[in-house]
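The next block holds one structure in the form of structure tokens; read it before the comments.
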Amino acid sequence: MDKSSGDEIWEDSFDKLLDPRPQQSNLNIIKKNVRLSYNIDTSVENSSHSIKGCSPKSCNRSVSISTPNYNHLGKDLFNCGLSPINRLQLDGFEDTTEKCNADKDAEPNTKKRGLIVPSKNQIDTFSKFSNQTNKVACASNQSNKIVGVVLKPGKWRKSLNIFRQTQISVLNESKKLESRNSVCQDRKSIFLNGLNKQNVISQQDFYKYCNQGKPLKFNAAYSQYKMLKTHKIGEGAYGEVFRYTPNRKGCKNDLVLKIIPIEGSIEVNGEKQKNFSQIWPEIIITKKLSSIQGFANIEKVSTVKGKYPQHFVKLWKRYDDEKGSENDHPGLFGENQLFVVLELHFAGSDMSNVIFLNSEQSFYALQQIILTLAVGEEDYQFEHRDLHWGNILIKSTTKKHICFKFNNTDLIVDSKGVNITIIDYTLSRITIDECCYFNDLSNDEELFQASGDYQFDIYRMMRNELKDNSICLAFSLFYSALQWTQLVNIRFKDL
Ligand SMILES: Nc1ncnc2c1ncn2[C@@H]1O[C@H](COP(=O)(O)OP(=O)(O)OP(=O)(O)O)[C@@H](O)[C@H]1O
């Protein structure tokens, strides 16, 4: 580390572990190019840190279908090409890689390892196809034939939807209009394994699960008088997220509402609305994981019906004015629209918006993530499958330690002032009472053609490694781990 550059003020005891890494100084270029992450030679020292109380028992893999293993795949995954420890193998699309590299204005680092990262020029050019500048761009070769999708890192689903819309308008322009259905397929079908007999849930059973006989009136159930300091804090392809302080005594936590339209015939945010059966796994997973440290804490699930309440519409507009929304205006919903509302504890800001105080703090946050996943996997064979940094929330805490229970053993990690929560189980896989819930992502061709961030190379690599075995498609964890090596070195220096 170059002391003369003033970097020494960032050093703490943990920083010593990161030295010497001369190439990391070069990475500071990324600070100037916000959002593009290149994962240049993160070359990853394999530091071994133990956690108090952890003596992993050898688990019986023969009963687990959660983690692909020797028996399933005929090879040892720890020696696979994906391991950041062993080697990085970034393969993109052969034909486009060359073109990207040939671009004179390509960022110097994009040539490394064949990573498909568009240059700024390319992004600008591609953006013209989208009416939402910089939210998404479609990658095309010089003859304008679409060969892949350039997506923003993090939440990819909305980018993909916008791409699909864009693609339609491009096809329209060239008089090659295909029916919308051929581009926008129902990608959210739930594929349950043979063990699960109950892959359809009736409306009545769903209400019962919510402790309701029928849907509540949206306006009455979430009237503005019950909610203080309400504001919209986020959005996803499936819904809007509002934060508020409940107007009732004894309620210490701020809550968030994740409001998801269901069962309607109109498309919302470029997606078909889910039905009760399709949203069922997310509800079950959220409820099951709620009691585990590190997963979102759920207070209640309810089903409501009616027009979007005016006070939410106003907050939606404010968010749109201030930050710009990628979602459709909620005024589009009619009287008969149904919504599922998840009430969750507020869990902080997502990692892409967090700046760590120092590398030690980020290291301990990473430990929390690892332990959360370990407990989820051990207890429910849980795989997140979409673990990008937008799905990791970070909140400050005054607790000195965070406690996990792994296989009846208490594991205690220093908090270093932060508490992490993993959210968004839309694509997750879980096994509860021998029923396995998961989405078949292997049919999601567009996702596996995406580029724009190392995140999407990881998706391809995971699919290749797992030989298209959709049950085992557990991508993203590696991505987060690699991304973390950047955060440790860069993000906290941005202060
Ligand atoms: N418990 C929570 N506490 C604080 N913020 C939250 C919480 N849950 C969700 N959010 C915010 O709302 C955003 C959207 O939530 P979420 O990812 O669950 O939606 P989604 O519709 O499933 O997204 P996707 O488009 O990835 O499928 C998150 O990125 C986060 O900023």
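Numbering of ligands and ligand atoms starts at 1, following listing order.
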Using a strict cut-off of 4.0 Å, indicate which atoms of ligand 1 neighbour a heavy atom of [X].
X      : value
Gly236 : 19 (O), 20 (P), 21 (O), 23 (O), 25 (O)
Thr426 : 22 (O), 27 (O)
Ile233 : 4 (C), 5 (N)
Asn391 : 17 (O)

Steps toward ring-ring contact (aromatic ring centres under 6.0 Å, His included) verdict (Phe339, Tyr308): CA-CA 9 Å; Phe339 299 88; Tyr308 227 77; 5.4 Å; yes

Side-chain donor-acceptor contact under 3.5 Å, Tyr244 with Gln224: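 The criterion, which ignores hydrogens and geometry beyond distance, is not satisfied for Gln224 and Tyr244.
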
Modelled atom types, side-chain donor and acceptor of Ser325 and Asn327, under 3.5 Å: no

Heavy-atom proximity to atom 7 (C) of ligand 1, best of Leu344, Asp254, Thr286, Leu393: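 That would be Leu393.
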
Structural part of Ala237 in contact with ligand 1, heavy atom criterion under 4.0 angstrom: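 The answer is both.
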
Short N/O distance, under 3.5 Å, between [X] and ligand 1?
X      : result
Glu235 : no
Tyr238 : yes
Ile423 : no
Asp424 : yes
Lys258 : yes

Within 45° cone and under 6.0 Å: Lys217 NZ/CZ vs Tyr222 ring: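 Here Lys217 fails the 6.0 Å and 45° test against Tyr222.
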
Residue-ligand contact [X]/ligand 1, heavy atom below 4.0 Å:
X      : answer
His345 : yes
Ser349 : no
Gly390 : yes

Point-to-point distance, once rounded to the nearest 0.5 Å, from CG of Asn391 to OG1 of Thr421: 12.0 Å

Distance (rounded to the nearest 0.5 Å) between Ile392 CD1 and Trp389 CH2: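 One gets 10.5 Å once the value is rounded to the nearest 0.5 Å.
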
For Phe404, all residues meeting ring-ring contact (aromatic ring centres under 6.0 Å, His included), sequence neighbours excluded: none

Note, Phe295 side chain near Ser290 side chain (heavy atom, < 4.5 Å): no

Beyond-backbone contact of Gln203 with Lys208, side-chain heavy atoms, under 4.5 angstrom: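 When only atoms from C-beta onward are counted, Lys208 and Gln203 do not touch, as no gap falls below 4.5 Å.
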
